[in-house]
Amino acid sequence: MSENLEISELDDGRVIDVTILGKLTDADYEQFVPLTERRIKQFGKIGMLIVLKDFGGWDLDAMWDDLKFDIKHFSDIERMAIVGHSKWDKFLSALSRPFTAAEIKYFDEHELTAARQWVANGQVH
């Protein structure tokens, strides 16, 4: 398991929960992509919950991996909740919009429960 990435599944695998700590590397994508592609194959469309903790961006190989993933799976992510704690994290969530057909919503870190509910069923209580 990568020290930069924590991955779990919610809603019987229909939602991939990814916590990013620091800078993403090629090795992180080697862990993330196969699981995500299995769930897309199984369910057609999935949700993603991305929690940013001290996110440091991507190294060059990881940036390329991210672009390839986004192109290949442009329409496979139904909803993406991005949880962060800074204006930079919120800005990054806005940058994601051109690379996916997913409905994207940003949540502050204290709204993690609401983010999980939203990505799983589109409702926030």
Side-chain angles (χ1 to χ4, degrees):
M1 180 96 30
S2 166
E3 62 186 50
N4 301 326
L5 206 60
E6 296 173 3
I7 302 173
S8 60
E9 298 177 68
L10 307 170
D11 197 22
D12 297 324
R14 293 179 198 277
V15 175
I16 305 296
D17 181 344
V18 182
T19 299
I20 301 171
L21 308 151
K23 186 178 244 182
L24 288 174
T25 66
D26 187 51
D28 297 324
Y29 280 86
E30 288 174 9
Q31 180 184 346
F32 164 78
V33 171
L35 169 67
T36 304
E37 288 183 337
R38 280 194 305 275
R39 294 303 176 233
I40 289 168
K41 187 174 184 178
Q42 181 179 0
F43 297 115
K45 288 186 179 258
I46 61 169
M48 290 198 123
L49 173 67
I50 300 173
V51 180
L52 304 173
K53 292 187 176 182
D54 298 321
F55 181 57
W58 302 259
D59 71 17
L60 192 55
D61 289 334
M63 191 176 289
W64 177 242
D65 292 335
D66 192 59
L67 183 59
K68 289 187 301 186
F69 179 85
D70 291 344
I71 291 168
K72 183 176 181 181
H73 297 292
F74 182 82
S75 299
D76 296 331
I77 311 297
E78 189 169 17
R79 286 189 193 97
M80 183 182 304
I82 300 175
V83 178
H85 65 276
S86 69
K87 289 181 182 182
W88 171 245
D89 293 342
K90 190 170 187 174
F91 175 71
L92 282 175
S93 70
L95 283 180
S96 301
R97 295 189 194 284
F99 300 102
T100 181
E103 183 180 353
I104 300 172
K105 187 166 182 171
Y106 177 82
F107 295 83
D108 285 324
E109 62 186 339
H110 68 276
E111 300 174 304
L112 182 58
T113 300
R116 284 193 173 117
Q117 290 173 344
W118 180 82
V119 78
N121 61 25
Q123 298 178 18
V124 176
H125 296 85

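Quick note: residue numbers are just sequence positions, from 1.
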Roughly how far, to the nearest 0.5 Å, is the [atom2] atom of [Y] from the [atom1] atom of [X]?
X      : Y     : atom1 : atom2 : result
Phe69  : Asp76 : CZ    : CG    : 7.5 Å
Thr19  : Leu49 : OG1   : CG    : 7.0 Å
Gln117 : Leu10 : CD    : CG    : 11.5 Å
Ile77  : Phe74 : CD1   : CZ    : 11.5 Å
Met48  : Arg79 : CE    : CZ    : 14.5 Å
Ile7   : Thr36 : CD1   : OG1   : 6.5 Å

Audit row: Ile82, Ile104, side chain to side chain contact (heavy atoms under 4.5 Å, CB included) steps and yes/no: CA-CA 7 Å; Ile82 300 175; Ile104 300 172; 4.0 Å; yes

Any link between [X] and [Y] through a network of hydrophobic side chains (Ile, Leu, Val, Met, Phe, Trp, Tyr) touching at under 4.5 Å?
X     : Y     : result
Ile50 : Leu35 : yes
Val18 : Leu24 : yes
Ile16 : Ile40 : yes
Val33 : Phe43 : yes
Leu5  : Met63 : yes

With distance as the sole test, does [X] use its side chain to make a donor-acceptor pair with the main-chain N or O of [Y] at under 3.5 Å?
X      : Y      : value
Glu111 : Asp108 : yes
Lys45  : Ser75  : yes
Tyr29  : Asp61  : no
Asp26  : Ala62  : no

Under-4.0 Å salt bridge between Glu37 and Lys72: yes

Residues Asp17 and Arg116 bridged, charged N to O under 4.0 Å: yes

Verdict with supporting geometry, Arg39 and Arg14, side chain to side chain contact (heavy atoms under 4.5 Å, CB included): CA-CA 7 Å; Arg39 294 303 176 233; Arg14 293 179 198 277; over 6 Å; no

CA sep, side-chain torsions, deciding dist, call: Ile46, Val15, side chain to side chain contact (heavy atoms under 4.5 Å, CB included): CA-CA 6 Å; Ile46 61 169; Val15 175; over 6 Å; no

Shortest non-hydrogen contact from Phe107 toward Ala81: CE1-CB, 3.8 Å

Least distance between heavy atoms, Asp11 atom then Ala120 atom: OD2-O, 4.2 Å

Parallel, tilted or perpendicular, as decided by the 30° and 60° cut-offs, for the rings of Phe55 and Trp58: perpendicular

Asn4 and Ile20: CA distance, side-chain angles, deciding distance, side chain to side chain contact (heavy atoms under 4.5 Å, CB included) verdict: CA-CA 6 Å; Asn4 301 326; Ile20 301 171; 5.7 Å; no

